[in-house]
Engineer: 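Take a look at the following structure, please.
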Amino acid sequence: MIKRPSLNEFKAAANNLESIIVHTPLIPYRGGDNDAKILLKPEILQAVNSFKLRGVFNAVASLSAEEKAKGVSTVSAGNTAQALAWSARYFGISARSIMPDTAPLPKIEAVKAYGGIPVLIPISEVFRFLQEHLWEQEPYSFIHPWTNGQVLIGHGSLGLEIMDDAPDVDTVFIPVGGGGLLGGVGSAIKAVNPSVRIYAVEPEGCPSLRSAVDHGQPITVECKTICDGVAVPYITDEMFPFLNELIDDVLLVPERTVRAAIRSILWHNKMLAEPAGALALAAALQVPPTHRGKSVCLVTGGSISSELMMEILQEEGGHVI
Amino acid sequence: MEGLFIHAFSDPDVMAGNGTIGLEILEDLPDVNSVVIPYGGGGLSCGVASALRALNPKIKVYACEVETAAPLAASLNAGEPVEISQTPSFVDGIGVHFVFPEMFSLARQLLDGSLVTSLDGVVSAIKIMAERNHVIAEGAGAAPVAAALAGLAGAGKIVCVVSGGNIDAEKLAKILGGDMP
């Protein structure tokens, strides 16, 4: 099982990241009624348009000179690969990312633009690579996207910012893919104030953590969702007990609600979120305000193609929340 | 009419409020080289410029207009307020056919000029900001970015004031599709 990092580890990482990371503001959600007390944390404002830079940069920076010289690699649906390429460019080393051949084009193009090398393979092969630890046969320094300790600790810097900016927060809504974000941010928040509620959020179309919690152990689920950023069909054995201990509940969001939340963030706050980036807000709006209290929703990323954006914008009968 | 009239741009308190943008810029980026601000009535650009000038006179502060309605650029050229012919466009936050005389003398003192950007440039700036920064800007809000990307604001650290994001769905969809709304 993964050990919960200490507050001091989170603080040290936050210090190291200070010149790289944007301390993103908490912006009131402008939709709904004014008493809703929902704050958005727009991680789309980071250099690679997602929170991933926090953990991935921290992990790459933590490598020794010899490890860096080997070049770095990871496995990614797109955002981690961008963060890895960006970080590798910063240190003048090479970055290779195994990506599903179904990854959105803007994500693949962005990886190339930062100087990274995307290796596109079928999604089943991507998960096989992770499950069978195939990176061990490769010459690169491998940064595991979820279970790497330095990735978790780097992501935790986001949690510290929340506790600095809204010390009286009641509930934080965090999307789950592999669980790296949830593990890092959740641990950092609980280290500062254990009574803050942590709600994990998944699309109904890919309920890997929900199913694991219900079964008491990880199981593989089918993933059919617009939320490519969190479409991971299982929680690893080492992640599950760690996450299970951290969370207060797992909330599921229907696909059409995700689409409506993308429109809501766009029209009310003028920000463009990718589907996974709209999950947390969608979930918060499903919980009665009296129950959730003052809430923070992570808007994790913004890599969405113009085509999908236009489709969602112009949807027949498309509503906002 | 009953009530207090608040002038949209020449009210000193409106300008002072807008000036807080200038203070924030200096707080966050003390070594900024130039700042580009949309010019409609002039209250935003003159307010921001006053704050910047007071704290660091070396910063270049530019107004920004769109080619279809650029009365400030024409007036600065002429040395006095002149009327121009204006073509209506989707950039509705800025763009009238004349400069208010009381704002002209202030603008001439405070601003280093007016950068005039093309309408195509504004369309592509909106698209780029949506796709790369994930921020939705209206035409006026994207004009400074268009000007800076065209090189009009020179080199160095440039801050563009993205003044607003009120654009309707239909126009935004057109722009994302690569068309002129």
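Every value quoted in this text rests on a predicted model; they were computed, and no experiment measured them. Chain naming here is simple, since letters A, B, ... match the order of the sequence lines and numbering starts at 1 in each.
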Engineer: Which one wins on heavy-atom pair count under 4.5 Å against chain B: A/Asn269, A/Leu313, A/Asn49?
Structural biologist: A/Asn49
Engineer: If you round to the nearest 0.5 Å, how far is CG of A/Leu272 from CG of B/Leu172?
Structural biologist: 8.0 Å
Engineer: For atom NZ of B/Lys127, decide whether the heavy atoms of other residues, nucleotides or ligands shown that lie under 6.0 angstrom number more than 12.
Structural biologist: yes
Engineer: Should we say atom CZ of A/Arg256 is surrounded by more than 12 heavy atoms from elsewhere, each under 6.0 Å from it?
Structural biologist: no
Engineer: Could you check whether atom CD of A/Glu109 has more than 12 heavy atoms from other residues, nucleotides or ligands sitting under 6.0 Å from it?
Structural biologist: yes
Engineer: Would you give the length of the straight line joining atom CD of B/Glu138 to atom NZ of A/Lys270, rounded to the nearest 0.5 angstrom?
Structural biologist: 8.5 Å
Engineer: Are there more than 12 heavy atoms of other residues, nucleotides or ligands under 6.0 Å from atom CZ of A/Phe91?
Structural biologist: yes
Engineer: Is it the backbone or the side chain of B/Asp168 that comes under 4.5 Å from a heavy atom of chain A, or both, or neither?
Structural biologist: backbone
Engineer: Could you report the tightest heavy-atom contact between A/Met271 and B/Ile136, atom names first, then the distance?
Structural biologist: N-CG1, 4.3 Å
Engineer: Can you check whether A/Gly302's main-chain N or O pairs, donor with acceptor, with B/His134's side chain at less than 3.5 Å?
Structural biologist: yes
Engineer: Return the minimal non-hydrogen interatomic distance between A/Gln314 and B/Ala173, and the atom names on each side.
Structural biologist: NE2-CB, 3.3 Å
Engineer: Nearest 0.5 Å please: distance from the CG atom of B/Asn166 over to the CH2 atom of A/Trp267.
Structural biologist: 9.5 Å
Engineer: If you round to the nearest 0.5 Å, how far is CG of B/Asn133 from CG of A/Leu45?
Structural biologist: 8.0 Å
Engineer: Kindly compute the distance separating CD1 (B/Ile167) from CG (A/Leu266), expressed to the nearest 0.5 Å.
Structural biologist: 10.0 Å
